[in-house]
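Data first, discussion second: the structure below is written as structure tokens.
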There are 2 protein chains.
Amino acid sequence: MNDDRPPGRSPRAKTGGAGRVRDPEQTRERILDAARDEFSAKGLSGARVNTIAERAGVNKQLIYYYFDDKERLYGAVLERAYRDIRKQENALDLDALSPEDALRRFIHFNFDYTVKNRYFVALLNDENLHKARHAKVNDRIPALQSTMKRTLARVIRRGLEDGSFRREADPVELYISIASLCYFFLSNRHTLSVIFNVDLLESDRIEARRDHVTEMVLSYLRSVPAAPPGQHKT
Amino acid sequence: MNDDRPPGRSPRAKTGGAGRVRDPEQTRERILDAARDEFSAKGLSGARVNTIAERAGVNKQLIYYYFDDKERLYGAVLERAYRDIRKQENALDLDALSPEDALRRFIHFNFDYTVKNRYFVALLNDENLHKARHAKVNDRIPALQSTMKRTLARVIRRGLEDGSFRREADPVELYISIASLCYFFLSNRHTLSVIFNVDLLESDRIEARRDHVTEMVLSYLRSVPAAPPGQHKT
DNA sequence: GTCAGTATCAACCAAGCGGTTGAAAGCGTC
DNA sequence: GACGCTTTCAACCGCTTGGTTGATACTGAC
């Protein structure tokens, strides 16, 4: 705070008859919604606090009141995004399905989630531009994730046991590949559209892509490896 | 231009004995190099023209002299990046290799290219944030790409003919998947590192990932499809 | 040597922007 | 009704930034 500023503010005109609305919970959520839209459209550096306030329909000072500054607002948006996807992932209940159906369920979830929540893709891209410095100071994010890694490891093991899978995939590598296949076509849809002169989000195309991704992952797990995974060349 | 500005500039002090260096070609390249580094580190919105000038070791006005404005500078960086990768891709000479070796060569090229040229990944991410508005106004970018699509289509066909491949993959989908697998782990390495608590760019890990990507793509092509690709659910 | 154009320079400017300030309205408790 | 705290408001501020300006040095042609 600038403590040495002399008082100098002129008293402002009184408002008209309309009273103010007071609902701090809703105000906070509206700011987060507006911020999510603005940050995903323009990135942290390109987003404008004024625009966020306008989109939220609130006074700009409220953003500083609830979130301290732009960066912390961004961090709050990111955390809420992670919490949402993990909540939905944890609800998948993959252990109740056969290994192959579990994998299908997992892939379809990730694929459909990115298609429905494009903002998430844009936020992650931007967070990587900033070297994940907001995610790094958030304790809740890694904890949310490790359950999914273990779940995936169990699915792989169950598939090896019942013979539907024939290769012992590394769960981290597999997770990254599934995320890659589900994510990249959306994150890079604009440059890919320029290159291939197609609309990647046309609905038939999306469905074909989901099938393609599923086939690619399952055929990898079903096939006998040519060499042990993770073998090191020395 | 502000035509109504009165003359008011004080004559500046003469420089010391050192003369100016004049080499427009080198100056332009140095600006592009500096801009590439600054735009890939901070994005278009976060990058500073002053910083680009400093990194290039030139007067800021030169940026406007050669590139008109910040956006066109960004567009020039992007075009040069695309030109570089296409030039290297076109030098691969995949038609001279067996289908399987051609695919390996293609995958390894894309993988190693992103590992060596991280700026390219960051630039593409940023360009997608801006809906590829710079790439869209550039006529040279799509032309560079269509040769690779055709080359990939030939490789797929040759593989089907000699039996090393068993599925008629769509070349655009395949290209997107290969790019996905080669690109995402780098573009999202910061958030993935937070989530999995690993260093994805550790050299053993990179090599394992390249092998994993190769295996995933080849096993997909080798396997007999469970349903025809591109089948539409009606 | 002059000239015109090119390449480069230091300083400047107007607008935008993140964040702050003094104040008012609302609300629950006493 | 008073009070203290919370929530909200309009206006403001200092700094940053993309871009501009008038000028100078360099260079090749005549």
Side-chain angles (χ1 to χ4, degrees), chain A residues 1-31 34-35 38-39 42-76, chain B residues 1-31 34-35 38-39 42-76:
Chain A
M1 287 299 193
N2 187 352
D3 297 319
D4 59 1
R5 264 188 58 88
R9 192 83 42 179
S10 303
R12 66 176 184 83
K14 289 188 182 296
T15 56
R20 300 179 186 178
V21 170
R22 281 175 64 104
D23 189 337
E25 197 105 350
Q26 197 213 43
T27 301
R28 196 172 187 282
E29 287 299 306
R30 283 170 61 182
I31 291 172
E38 176 77 353
F39 285 134
K42 297 172 187 167
L44 171 57
S45 301
R48 296 290 171 254
V49 181
N50 245 58
T51 309
I52 294 170
E54 285 163 16
R55 291 171 100 147
V58 303
N59 186 267
K60 185 164 87 169
Q61 205 284 325
L62 286 180
I63 292 173
Y64 298 95
Y65 179 78
Y66 286 109
F67 298 98
D68 290 329
D69 59 29
K70 190 184 184 188
E71 295 253 344
R72 285 192 211 156
L73 175 59
Y74 181 86
Chain B
M1 287 303 195
N2 187 354
D3 296 318
D4 60 359
R5 261 187 61 86
R9 194 85 41 183
S10 304
R12 65 175 185 85
K14 289 182 183 297
T15 56
R20 301 177 183 179
V21 171
R22 280 174 65 104
D23 188 337
E25 196 105 350
Q26 195 212 45
T27 300
R28 198 173 185 283
E29 287 299 304
R30 283 171 60 183
I31 292 172
E38 175 77 354
F39 285 135
K42 299 173 185 165
L44 170 57
S45 302
R48 297 289 170 253
V49 180
N50 244 58
T51 308
I52 293 169
E54 284 164 16
R55 290 172 101 149
V58 303
N59 186 268
K60 186 164 87 169
Q61 206 283 326
L62 285 180
I63 292 174
Y64 298 95
Y65 179 78
Y66 285 110
F67 298 99
D68 290 331
D69 58 29
K70 190 185 182 189
E71 295 254 345
R72 286 190 211 159
L73 174 59
Y74 181 87

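Everything numeric in this text was worked out from a predicted model, so none of it was measured. Every chain is numbered from 1 and lettered A, B, ... according to where its sequence line falls, protein lines coming before strand lines.
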- Message: For B/Ile63, is there any backbone N or O sitting under 3.5 Å from a side-chain donor or acceptor partner on B/Lys70?
- Response: no

- Message: For the OG1 atom of B/Thr27 and the CZ atom of B/Arg22, what is their distance to the nearest 0.5 Å?
- Response: 9.5 Å

- Message: Counting C-beta onward and ignoring hydrogens, is there a side-chain heavy-atom pair between B/Phe39 and B/Ile52 closer than 4.5 Å?
- Response: yes

- Separation of D/dT20 C1' from B/Lys60 NZ (nearest whole Å): 10 Å

- Message: Output the rounded distance in Å from CG (A/Leu73) to P (C/dC17).
- Response: 16 Å

- Message: For C/dG18 and A/Arg48 - does any side-chain N or O of the residue sit under 4.0 Å from the phosphate oxygens OP1/OP2?
- Response: yes

- Nearest heavy-atom pair of A/Ala56 and A/Ala34: which atoms, and what distance? N-CB, 3.6 Å

- Query: What nucleic acid atoms does B/Ala53 come within less than 4.0 Å of, heavy atoms only: base, sugar-phosphate, or nothing?
  - Reply: nothing

- Message: Quick check: any donor-acceptor pair below 3.5 Å linking the side-chain of A/Arg22 to the base of D/dT6?
- Response: yes

- Between P of C/dC17 and CD of A/Glu54, the distance in whole Å: 11 Å

- Task: For residues A/Asn59 and A/Tyr65, determine if any side-chain heavy atom of one lies less than 4.5 Å from a side-chain heavy atom of the other.
- Result: no

- Polar side-chain atom of A/Arg72 near backbone of A/Phe67 as donor-acceptor pair, under 3.5 Å: no

- Scan for salt bridge (Lys or Arg N to Asp or Glu O under 4.0 Å) pairs involving residues 49-60 of chain A, sequence neighbours excluded, and state none if there are none. A/Glu38-A/Arg55

- Heavy atom of residues 61-71 of chain A under 4.0 Å from DNA chain C: which residues? A/Gln61, A/Tyr64, A/Asp69, A/Lys70

- Message: So, OP1 or OP2 of C/dT8: does either fall under 4.0 Å of a side-chain N or O from B/Thr27?
- Response: yes

- Query: When only distance counts, do a donor and an acceptor, one from the side chain of B/Asn59 and one from the base of C/dA7, lie under 3.5 Å apart?
  - Reply: no

- Task: Write down the distance between CD1 (B/Ile31) and P (C/dC9), rounded to a whole number of angstrom.
- Result: 10 Å

- Note on the structure: Whole-Å distance, B/Lys42 NZ to D/dG18 P, equals 11 Å

- Nearest to the side chain of B/Pro24, which nucleotide is it out of C/dG18, D/dG19, C/dA7? C/dA7

- Query: Over how many whole Å does the gap from B/Arg30 atom CZ to C/dA7 atom C1' extend?
  - Reply: 14 Å

- note: B/Arg28, atom CZ; C/dT8, atom C1'; distance rounded to Å ~ 16 Å

